[in-house]
Number of protein chains: 2
Amino acid sequence: MPIQPITRPQNDVGAELRAIALEMFAENGYAGTSLQQIADAAGYSKSSVLYHFGSKEQLFTSAITPAVEKLTVFLDSIVEKLTADTERDAVVVQFIDLLLENRLAAHIVINQGQTLSDIPVMDEARGLIDRIGESFMAGLPTPAMRIRLGVALAGAAYVMVASRPSAVEVEDLDEVREALVDVVSELITPLSR
Amino acid sequence: MPIQPITRPQNDVGAELRAIALEMFAENGYAGTSLQQIADAAGYSKSSVLYHFGSKEQLFTSAITPAVEKLTVFLDSIVEKLTADTERDAVVVQFIDLLLENRLAAHIVINQGQTLSDIPVMDEARGLIDRIGESFMAGLPTPAMRIRLGVALAGAAYVMVASRPSAVEVEDLDEVREALVDVVSELITPLSR
DNA sequence: GCGTAGTCTGACCGATCGGTCAGCGCCTGG
DNA sequence: CCAGGCGCTGACCGATCGGTCAGACTACGC
């Protein structure tokens, strides 16, 4: 009888815990968020959290992996689109939307990536940042280009989370989206030729 | 025996501890850095750290206060300069240099400000960010303007720390400085009228 | 020499950390 | 009916957290 290593954590409880954990990790940091706090916020016991996810690191990995996979798929899909740069603006819009939909994960990767480099999925995510540079720009040959990309990504990630607690209404979010598309396009597009 | 200049033994150790703590807080976060780690890195015991600074929070405050004070002085000095916008570019350069000189503190304020809002000096520092907006722009009336400032500040703060571990040579730092001046000027200046 | 102030440390404290484990109640298939 | 798996929990573990305290050592004024 084959013993399945880890059963699929796609239950309702698992998804609920992932969402809560992702939010708390983004707001207070991985080290600054305890399993007890996550359990309390979810209305479960710490033991129950550890029942669904074997460890704190597994919970973190499960919470952030979907966003990493979506970003991977997105990067794979835009390679050919970017060669014909007529769709460049549309791709930037899609990219911003993807970041907005996964703003908590993006914030964690940008702001805690170097700290959490010992967690495998974070190394994978940081590698994706390099792919973003290679996709939108031509290999980022000069430090100035790397800096423009870094400012755009980190600045966008910060704004996406920082603008959240102050009364996010739907129209406000649209305004944020539009402004982000403008500023990121301005920073990213002039670098391609 | 000649009169030797007044030695401040406490100041040496204190300054050393402040510098080490600031670096570790910026790299691994306030919650992610223990007093034991700071003591080990400095070659002292944890008790000795707590002798010089009564608590972890006092150490953090002592480490980050100088940068906050410098930024306050800077903001006070540029108020009249910015009215005559001929010096606007020069002020941006000064601002970037100030951030570069205090890049660790800037990174902490930007990326951990909301988490550490219960520490008084962090609230003060976050208030300075609003003053930056009021200084460079005209009260930041629209969300789009706030977002541009947020992207510029957070992006710059991220780049300043992220570009550090990869072999910062003097010429590289100058290159970073120049690129930052360019991108921040581009993001900030069009908002003033 | 003696007292004293400054510096530093190890032993120790309660609290909390991530994680383990035995066992609880509940639901369901046989 | 009941055997057993599943979801969940409290009790408990060793380690580490921030912080306290009594003393050891040094240097200096008297």
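When reading the values below, keep in mind they use all heavy atoms of this one structure, side chains included, and skip hydrogens, waters and symmetry mates. Residue numbering restarts at 1 for every chain, and letters A, B, ... go by the order of the sequence lines.
One interatomic measurement links the two molecules: CD of Glu16(B) to P of dT7(C), which rounds to 14 Å at whole-angstrom precision. Rounded to a whole Å, the CG atom of Leu17(B) is 12 Å from the P atom of dT7(C). When the P atom of dC17(C) is taken as reference, atom CG of Leu59(A) falls 15 Å away, rounded to whole Å. One atom, CD of Gln37(A), and another, C1' of dC17(D), lie 14 Å apart when rounded to the nearest Å.
Leu17(A) and Tyr51(A) are not part of a single hydrophobic cluster, where members link through side-chain heavy atoms under 4.5 Å apart.
The phosphate of dT7(C) has OP1 or OP2 within less than 4.0 Å of a side-chain N or O from Tyr51(B). In this structure, His52(A) does not reach the dC6(D) phosphate: none of its side-chain N or O atoms is under 4.0 Å from OP1 or OP2.
Within 6.0 Å of the CD atom in Glu178(B), the count of heavy atoms belonging to other residues, nucleotides or ligands does not exceed 12.
Annotation: side chain of Leu50(A) is not in contact with side chain of Leu59(A) (no heavy-atom distance under 4.5 Å).
Within residues 115-125 of chain B, no residue has any heavy atom under 4.0 Å from DNA chain D.
Applying the salt bridge (charged side-chain N to carboxylate O under 4.0 Å, His left out) test to pairs two or more places apart or on separate chains, those with a residue in residues 57-77 of chain A are Asp76(A)-Arg131(A).
Taking Asp123(B) as the reference, nothing meets the side chain to side chain donor-acceptor pair (under 3.5 Å) condition, with sequence neighbours excluded. Partners of Phe53(B) under the ring-ring contact (aromatic ring centres under 6.0 Å, His included) rule, at least two apart in sequence or in another chain, do not exist in this structure. With sequence neighbours excluded, the residues satisfying side chain to side chain donor-acceptor pair (under 3.5 Å) with Gln36(B) are Asp40(B).
For the pair Lys56(B) and Phe25(B), the NZ or CZ position fails the cation-pi test of under 6.0 Å to the six-membered ring centre and within 45 degrees of the ring normal.
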Study note, to complete from the structure: Reading nucleotides 18-25 of chain C from 5' to 3' and marking B where a protein heavy atom lies under 4.0 Å of the base, S where only the sugar-phosphate is that close, and - otherwise, the string is BBB-----

